[in-house]
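Written out below as structure tokens is the structure these notes cover.
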Amino acid sequence: MNQWFERLTEQVALAHDEATVKATLEKLSREAGFGAYAYLNLQAETQTAISNYDVEWQQRYFEKSYALIDPVVRNARDQLEAFAWSNEASLRMSKERRNFYGEAGEFGIRSGITIPIKTGFGRMAMLTLASEEADFAIGQALNPVLAAAAVAQLHSRLDGLGAKPTHHTPIRMKSDELTCLRWSAEGKSMKAIAIIENTTYANVAFFLRNAKSALGATSLPQATAMAKEFGLI
């Protein structure tokens, strides 16, 4: 895999649009013997993915908030180093974990390698290459430095291109919440928003509090930044 990481770094550096990056990921993943890839970006309580996993699995993964129980994501958070994994179930596993692995296996996700990186400001990203063979990934040679460098290059390119995710955590906000959030992004105070929208200060505070909660944000500036990033406002 070490030469593969070098190829990924080189090919991504040459890709000048989103479609080319995605095509490169798919092509190189298959060349390495993996059937699918998933680039996952984690920010606060939300996650976005760029992946060629089955669309039904992506929808299920995000609708059911599987990132919170996914053992691969948990391991990535804990060790922050490239690792191989297999989802072969055992009686020692929790029922929740066995069920998750069983569902993933239905979509041909039975083993893989995952490379997590820190991306700054409390965020992290990870690239996973997945195989339908339960023992394919175990034993793959993984140089953690080469792996992290390649994924950092990938992250930088996708971020710079403003690549749109194939799926993301469902974010449900009402029109009043989005409206107040947009005015806040335009620099208006809550008092000013109340006057503009012909409502009360208490209502504006309520709408913005709900918007922060929906986004998993801890502050109003963070909420407006995330809403812009997700194309909500």
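Keep in mind that this is a model prediction, so the values were computed, not measured.
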Exercise. With distance as the sole test, does Gln140 use its side chain to make a donor-acceptor pair with the main-chain N or O of Ala137 at under 3.5 Å?
Worked result: no
Exercise. How close do Glu81 and Pro144 get, heavy atom to heavy atom, and via which atoms?
Worked result: CG-CB, 3.6 Å
For this session: Start with the C-alpha distance between Thr179 and Glu197, add both sets of side-chain angles, then the distance that settles side chain to side chain donor-acceptor pair (under 3.5 Å), and finish with yes or no.
Result: CA-CA 9 Å; Thr179 299; Glu197 293 298 317; 5.3 Å; no
For this session: Determine whether Ile69 and Arg74 make a side-chain contact, defined as any pair of heavy atoms from C-beta on separated by less than 4.5 Å.
Result: yes
Output a table of donor-acceptor pairs, distance under 3.5 Å, between side-chain atoms of residues 12-20 and any protein atom two or more places apart or on a different chain; print 'none' if there are none.
from: His16; atom 1: NE2; to: Leu14; atom 2: O; distance (Å): 3.4
from: Asp17; atom 1: OD1; to: Ala19; atom 2: N; distance (Å): 3.2
from: Asp17; atom 1: OD1; to: Thr20; atom 2: N; distance (Å): 2.8
from: Asp17; atom 1: OD1; to: Thr20; atom 2: OG1; distance (Å): 2.8
from: Asp17; atom 1: OD2; to: Thr20; atom 2: OG1; distance (Å): 3.1
from: Glu18; atom 1: OE1; to: Lys164; atom 2: N; distance (Å): 3.4
from: Glu18; atom 1: OE2; to: Lys22; atom 2: NZ; distance (Å): 2.8
from: Glu18; atom 1: OE2; to: Lys164; atom 2: N; distance (Å): 3.3

For this session: Could you walk me through whether Asp159 and Asn41 pass the side-chain contact (heavy atoms from CB on, under 4.5 Å) test, one step at a time?
Result: CA-CA 10 Å; Asp159 191 51; Asn41 205 328; 5.9 Å; no
Problem set entry | Phe83 with Leu127, same ILVMFWY side-chain cluster at under 4.5 Å | no
Exercise. Looking at Pro165 and Ile50, what are the two nearest heavy atoms and their distance?
Worked result: CA-CG1, 3.9 Å
Exercise. What about Phe107 and Tyr53, are their ring centers closer than 6.0 Å?
Worked result: no
Exercise. Counting only N and O atoms by type, is there a donor-acceptor contact under 3.5 Å from the side chain of Ser111 to the main-chain atoms of Glu133?
Worked result: yes
Problem set entry | Between Thr128 and Thr114: side-chain donor-acceptor atoms closer than 3.5 Å | yes
Seminar exercise, completed: Rounded to the nearest 0.5 Å, the SG atom of Cys180 sits from the CG atom of Asn210 at a distance of 10.0 Å
Seminar exercise, completed: Minimal heavy-atom distance between Arg97 and Pro71, with the atoms involved, is NE-CG, 3.4 Å
Exercise. So among Trp57, Phe62, Tyr61, which one has a ring pair (Phe, Tyr, Trp, His ring centres under 6.0 Å) with His167?
Worked result: Phe62
For this session: Flag the pair Glu63 and Arg172 as a salt bridge only when some basic side-chain nitrogen lies within less than 4.0 angstrom of an acidic carboxylate oxygen.
Result: yes
Problem set entry | Asp176 (side chain) donor-acceptor with Phe207 (main chain) under 3.5 angstrom | no
Problem set entry | Any Met124 side-chain heavy atom under 4.5 Å of Leu80 side chain | yes
Exercise. Does the side-chain contact (heavy atoms from CB on, under 4.5 Å) test come out yes or no for Leu42 and Met126, once each step is laid out?
Worked result: CA-CA 9 Å; Leu42 296 93; Met126 63 188 72; 3.6 Å; yes
For this session: Decide whether Leu40 and Leu161 are clustered together by the hydrophobic rule: side chain heavy atoms of Ile, Leu, Val, Met, Phe, Trp, Tyr closer than 4.5 Å, transitively.
Result: no
Seminar exercise, completed: Asn52 and Arg30 have their tightest heavy-atom pair at ND2-NH2, 4.3 Å
Problem set entry | Sub-4.5 Å side-chain heavy-atom contact between Ile233 and Lys228 | yes
For this session: Please work out which of the three classes, parallel, tilted or perpendicular, describes the rings of Phe100 and Tyr66, given edges at 30° and 60°.
Result: perpendicular
Exercise. Between the side chain of Asn2 and the main-chain N/O of Asn143, is any donor-acceptor distance below 3.5 Å?
Worked result: yes
Problem set entry | Shortest non-hydrogen contact between Trp85 and Ile109, atoms and distance | CH2-CG2, 3.8 Å
Problem set entry | ring-ring contact (aromatic ring centres under 6.0 Å, His included) partners of Tyr39, counting only residues at least two apart | none
Exercise. Backbone N or O of Tyr37 within a donor-acceptor pair of the Ser51 side chain at under 3.5 Å?
Worked result: yes
Exercise. Say you draw a straight line from CD1 of Ile195 to OG of Ser189; how long is it, rounded to the nearest 0.5 Å?
Worked result: 7.5 Å
For this session: Indicate the atoms forming the closest heavy-atom contact of Leu8 with Leu25, along with that distance.
Result: CD1-CD2, 4.0 Å
Exercise. Is it true that a side-chain atom of Ser156 and a backbone atom of Gln153 form a donor plus acceptor pair closer than 3.5 Å?
Worked result: no
For this session: Look only at the side chain of Glu177 and the backbone of Met173, and say whether a donor-acceptor pair between them is shorter than 3.5 Å.
Result: no
Problem set entry | Donor-acceptor pair, side chain of Ser86 and main chain of Ala134, under 3.5 angstrom | yes
